[in-house]
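Below: one structure, written as structure tokens.
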Amino acid sequence: PNNLFQYMGLNYRNPIFQNIKVREAIMTAIDRKNMVEKLIEGNGEVKDAPMLSSSWAYPKDVEFKKYDYDVEKAKSLLEEAGYTMKDGVMVDESGKALSFTLDVPMGNSIREQAAQIIQANLKDVGITVELNKMEFPALMEKVVANHDFDMYMMGNNLTADPDLTAYWSSAAVSNEAGDMGWNISGFTTPELDKILETGAGTTDIEARKAAYKEFAVYMNEQIPWMYLFEQDIIIAANPKLEGFNPSVFRDFADAQNWSLSK
């Protein structure tokens, strides 16, 4: 397994995305299983929470809420959110179409293809998406520094420690142009801050596991990001190689233990 998962971020500063029905509709409209099958040839898995499934803190005993691909359900959720289908496009009470720009960093073909799938999937439920492909530094400036975006594509690299305060706390949000904040979407609640403080505020492993279990469940239900998929790392090795034990966070750290049998 990799230490990274792919996601689509939403700008929570936009009142449209503050409606959880809209977020549920977008998540339900995206065929994430198709992404795993077609883009990474099944070498990975769909994500339901912003944690690595290989983490010691990942709650494997939890039945997460599923957002399986369902076009009609997505349309129904948008209708519950106050939108109406007109000429194939969802519009609000004033007749304004549900339309967004998706900023996509260039250079990662799988991520670029995932954005194209999202564009096509959301069109099927009446949401218009314009893809804005950018060089990565330009996207960082636009999205992370200036908070000038609707939606964006990115991957989230995580460490062995499950503390995600740097990505999700209210202190990590910036609304000032030119000031980077790693809570890029700007999603924050008192409940989330409390969970993060509990997890980071103790060295007791069991207490931390309980806190991150609560985090995973909360984020699965709130879906401030559209969690897409984890992609496995494919490693080819000489069959005579002994002592090679790859893991999520280690590539060559144990190379002194490797040897080639005769």
Side-chain angles (χ1 to χ4, degrees), residues 5-12 14-51 53 58-93 96-102 104 110-131 150-156 185 187 215-232:
F5 70 89
Q6 303 289 349
Y7 73 94
M8 181 176 75
L10 309 177
N11 195 341
Y12 203 69
N14 184 335
I16 293 174
F17 294 130
Q18 292 175 16
N19 188 328
I20 194 168
K21 293 291 185 183
V22 172
R23 302 200 300 274
E24 288 178 343
I26 293 173
M27 192 72 147
T28 305
I30 299 173
D31 193 351
R32 299 178 294 154
K33 287 184 178 179
N34 180 54
M35 288 182 181
V36 171
E37 292 169 4
K38 302 297 184 182
L39 300 185
I40 57 176
E41 300 179 334
N43 294 308
E45 62 181 46
V46 168
K47 293 298 297 175
D48 289 308
M51 291 179 69
S53 57
Y58 189 83
K60 293 179 172 60
D61 59 334
V62 167
E63 273 197 42
F64 287 118
K65 182 175 181 180
K66 298 296 181 183
Y67 300 92
D68 294 331
Y69 176 58
D70 189 327
V71 172
E72 294 309 313
K73 183 177 180 180
K75 290 178 182 178
S76 177
L77 285 165
L78 289 173
E79 289 169 358
E80 290 178 33
Y83 295 90
T84 306
M85 186 72 82
K86 184 178 181 181
D87 298 326
V89 177
M90 286 286 179
V91 298
D92 63 15
E93 292 180 350
K96 184 179 179 180
L98 201 52
S99 175
F100 305 108
T101 297
L102 173 55
V104 184
I110 289 175
R111 193 176 297 161
E112 290 182 41
Q113 291 175 71
Q116 292 171 353
I117 291 174
I118 289 171
Q119 181 185 44
N121 287 164
L122 294 189
K123 181 180 180 180
D124 289 341
V125 300
I127 300 175
T128 302
V129 175
E130 178 185 351
L131 300 185
D150 295 325
M151 308 187 299
Y152 67 96
M153 296 291 293
M154 202 170 284
N156 195 203
S185 292
F187 176 83
F215 170 83
V217 171
Y218 186 78
M219 298 300 273
N220 167 253
E221 293 174 348
Q222 294 296 316
I223 48 172
W225 283 352
M226 301 296 102
Y227 318 124
L228 301 177
F229 54 86
E230 284 184 7
Q231 181 180 352
D232 292 340

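The basis for the numbers below is simple: all heavy atoms, side chains too, and nothing from hydrogens, waters or symmetry mates. Source: prediction; values computed, not measured.
In this structure, Asp232 and Gly44 approach most closely via the heavy-atom pair OD2-N, 3.6 Å. Across all non-hydrogen atoms, the minimal contact from Ile40 to Ile110 is CG2-CD1, 3.7 Å. The two atoms that bring Ala97 and Val89 nearest to each other are CB-CG1, 3.6 Å, heavy atoms only. The heavy-atom pair separating Ala81 from Asn19 by the smallest distance is CB-ND2, 3.6 Å. The nearest pair of heavy atoms linking Leu131 to Ala115 is CD2-O, 3.8 Å. Tyr7 and Gly155 get closest at one heavy-atom pair: CE2-C, 3.9 Å.
Counting heavy atoms from C-beta outward, Val129 and Lys123 have side chains that stay 4.5 Å or more apart. Inter-residue side-chain proximity for Arg23 and Ile20 is flagged as met; some heavy-atom pair is nearer than 4.5 Å. Taking the side chain as every heavy atom from C-beta outward, Lys75 and Met90 approach each other to under 4.5 Å. You'll find the side chain of Phe17 reaches within 4.5 Å of the side chain of Met151, heavy atoms only. The closest side-chain heavy-atom distance from Met35 to Ile30 is below 4.5 Å. Side chains of Leu39 and Ile117 form a contact here, defined as non-hydrogen atoms less than 4.5 Å apart.
Counting only distance, with no hydrogens or angles, the side chain of Lys60 and the backbone of Ser53 share a donor-acceptor pair below 3.5 Å. No side-chain donor-acceptor contact under 3.5 Å links Asp48 to the backbone of Asn220. Proximity of a side-chain donor or acceptor of Arg32 to a complementary backbone N or O of Tyr69 within less than 3.5 Å is not detected. Panel note: side chain Asp150, backbone Thr101; a donor-acceptor pair is recorded below 3.5 Å. Panel note: side chain Gln18, backbone Tyr12; a donor-acceptor pair is recorded below 3.5 Å.
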Discussion item. Go through it in stages, so that I can follow the logic: the residues are Lys47 and Glu230, the test is salt bridge (Lys or Arg N to Asp or Glu O under 4.0 Å), and I'd like the CA-CA distance, side-chain angles, deciding distance and then a yes or no.
Written reply: CA-CA 7 Å; Lys47 293 298 297 175; Glu230 284 184 7; 2.8 Å; yes

Item to complete: Please step through ring pair (Phe, Tyr, Trp, His ring centres under 6.0 Å) for the pair Tyr152 and Phe100, ending with a clear verdict.
Response: CA-CA 10 Å; Tyr152 67 96; Phe100 305 108; over 10 Å; no

Worksheet entry | Stepwise side-chain contact (heavy atoms from CB on, under 4.5 Å) check, Ile118 with Met226 | CA-CA 10 Å; Ile118 289 171; Met226 301 296 102; over 6 Å; no

Discussion item. Determine whether Lys65 and Met27 satisfy the following criterion, side-chain contact (heavy atoms from CB on, under 4.5 Å), listing intermediate values before the conclusion.
Written reply: CA-CA 12 Å; Lys65 182 175 181 180; Met27 192 72 147; over 6 Å; no

Worksheet item: Can you check side-chain contact (heavy atoms from CB on, under 4.5 Å) on Leu10 and Ile16, steps first, answer last?
Response: CA-CA 10 Å; Leu10 309 177; Ile16 293 174; over 6 Å; no

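Other residues, nucleotides and ligands contribute only 12 or fewer heavy atoms inside 6.0 Å of the NZ atom of Lys96.
Between atom NZ of residue Lys21 and atom CD of residue Glu80 there is a gap of 4.0 Å, rounded to the nearest 0.5 Å. Here the CD-CZ distance, from Gln231 to Phe5, works out to 14.0 Å after rounding to the nearest 0.5 Å. Going from atom CD of Glu221 over to atom CD of Glu24 covers 10.0 Å, rounded to the nearest 0.5 Å. If you take CG on Asn34 and CZ on Phe229, they are separated by 10.5 Å, rounding to the nearest 0.5 Å. Here the OH-NZ distance, from Tyr67 to Lys73, works out to 8.5 Å after rounding to the nearest 0.5 Å.
Using cut-offs of 30° and 60° for the angle between ring planes, the Tyr227 and Trp225 rings count as perpendicular.
For the pairing with Thr28, the side chain to side chain contact (heavy atoms under 4.5 Å, CB included) check across Asn121, Leu78, Asp70, Asp68 returns one residue only, Asp70.
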